[in-house]
Amino acid sequence: MKEAVRNTDSTQGRNPQRVQVIERAFGLLDALVKFEGSATAGELKAASGLAGPTVHRLLHTLLHLGVIHQLPDKRYALGANLVPLGEGATRQLGGLAVPQMQSLVAELGESVNMAAMESEMVVYIAQVPSPHSMRMFTEVGRRAYLHSTGVGKAMLSTLPTDRVREVLRSTGMQAMTPKTLTKSQVLLDQLSVISSQGYAIDDEEQELGVRCLAVPVPQGPTRMGLSVSGPTARMDDAFIRHAVPLMMRTAAEIGRKLSRLT
């Protein structure tokens with residue numbers, strides 16, 4: 001763990017409208033995240049600065065609520081009941097980005113999607129469709145693999161290599177089309193280029209006849225990406241040169257907007 005959770009026992013400067021027990025409970029959840037998903041009661045006690053009995057009471061309550069669970073080795077880990085809460089919050093974030101996405105559609109004329117990384121998958125959280133009769137449509141809530149989508153590769157490019165390898169081992173590299181990358185080293189080499197240039201391309205790797213251009217969203221509260229997709233005939237090199245700076249600007253605007261919510 002890189003940093004300790006703030007000691008919430010101190011009452012200095014305390015806002016009387018805040019409930020201390022809730023702050024302490026969320027502090028333990030935050031500590032579990034920083035411990036990369038699991039920790040012992042002793043580690044949580046040291047990280048939080050709370051007394052042992054307080055930590056045990058909080059852990060017992062969180063276990064009862066299903067927001068944490070206990071592993072066979074007695075370590076505590078984040079629980080399944082957090083998943084729908086996180087997914088609901090992420091979709092709300094997507095809705096907040098719609099005005100910027102609408103402006104991008106007006107500029108480029110192609111469908112714009114926003115996605116987040118959830119459970120080692122891409123989940124689409126917002127879309128603004130193209131005005132063209134022939135356009136790409138992605139249902140909000142749909143999941144896809146990271147390795148076969150432009151927005152997934154954009155998000156993977158922001159992760160450490162060891163974490164990328166871990167994700168690929170977990171999900172596999174299924175071929176969605178004959179053009180899908182199915183070798184981890186080939187993808188890792190491409191991610192290095194994506195990281196350097198700042199954008200990713202899905203060139204018919206998720207769906208034949210469709211090209212997708214994507215950039216990561218900086219400063220967001222979770223890992224997110226913004227993409228523009230359309231028929232390959234319209235998404236040519238000239239389009240990409242024109243679109244990339246606009247997409248980076250829009251992603252930065254969205255990131256700044258969302259960062260103010262945290």
Side-chain angles (χ1 to χ4, degrees), residues 1-97 115-123 125 140-141 143 146 155 158-160 162-167 169-171 217-224 255-262:
M1 190 186 74
K2 293 182 179 179
E3 59 182 273
V5 176
R6 184 180 58 192
N7 186 338
T8 53
D9 276 334
S10 173
T11 58
Q12 288 185 351
R14 181 168 176 75
N15 185 331
Q17 299 300 314
R18 286 157 51 182
V19 181
Q20 188 179 58
V21 68
I22 295 176
E23 289 185 337
R24 289 174 169 178
F26 272 87
L28 292 183
L29 294 175
D30 187 55
L32 282 173
V33 173
K34 292 185 170 67
F35 273 112
E36 298 185 353
S38 69
T40 66
E43 288 170 336
L44 294 172
K45 175 180 177 294
S48 65
L50 298 173
T54 299
V55 170
H56 283 284
R57 285 196 301 271
L58 290 170
L59 290 174
H60 180 78
T61 302
L62 293 172
L63 280 168
H64 177 73
L65 293 172
V67 295
I68 65 171
H69 68 280
Q70 197 163 24
L71 301 172
D73 63 0
K74 304 302 182 183
R75 296 174 70 84
Y76 293 92
L78 298 174
N81 283 357
L82 287 173
V83 174
L85 293 175
E87 290 179 347
T90 301
R91 283 163 179 70
Q92 282 191 325
L93 293 177
L96 293 173
M117 181 177 169
E118 285 184 0
S119 302
E120 301 182 337
M121 296 284 284
V122 167
V123 59
I125 61 176
V140 172
R143 291 178 176 272
L146 289 156
M155 290 188 283
T158 68
L159 290 173
D162 287 347
R163 177 59 179 141
V164 174
R165 291 186 187 277
E166 183 180 293
V167 169
R169 282 195 299 269
S170 174
T171 63
V217 175
Q219 296 182 273
T222 188
R223 215 165 292 278
M224 295 178 171
R256 285 193 295 270
K257 183 177 184 179
L258 299 182
S259 70
R260 292 195 288 268
L261 302 177
T262 60

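- Nearest heavy atoms, H56 versus A41: CE1-CB, 3.9 Å.
- Nearest heavy atoms, T222 versus A116: CG2-CB, 4.5 Å.
- A donor-acceptor contact closer than 3.5 angstrom is absent between the side chains of T54 and R24.
- Residues A31 and L44 come closest through the heavy atom pair CB-CD2, 3.7 Å.
- For the atom pair CG of L59 and CD1 of I68, the computed distance is 4.5 Å after rounding to the nearest 0.5 Å.
- At a threshold of 4.5 Å between non-hydrogen side-chain atoms, the residues L58 and L50 count as touching.
- Classification of E120 and R163 as a salt-bridged pair holds, one side-chain N sitting under 4.0 Å from a carboxylate O.
- Closest approach of V123 and G141 over heavy atoms only: CG2-O, 3.9 Å.
- Looking at R223, its side chain never comes within 3.5 Å of a backbone N or O of M117 through a donor-acceptor pair.
- Distance check: K45 NZ to L28 CG gives 12.0 Å after rounding to the nearest 0.5 Å.
- Smallest separation of non-hydrogen atoms from R256 and S259: O-OG, 2.8 Å.
- Considering only heavy atoms from C-beta on, T171 stays 4.5 Å or farther from L146 through its side chain.
- Residue Q70 holds its CD atom at 10.5 Å from OG1 of T40, rounded to the nearest 0.5 Å.
- Residues A115 and V122 approach most closely at CB-CG1, 3.7 Å, considering heavy atoms.
- Taking CD of E23 as the reference point, atom OG of S48 lies at 13.0 Å (rounded to 0.5 Å).
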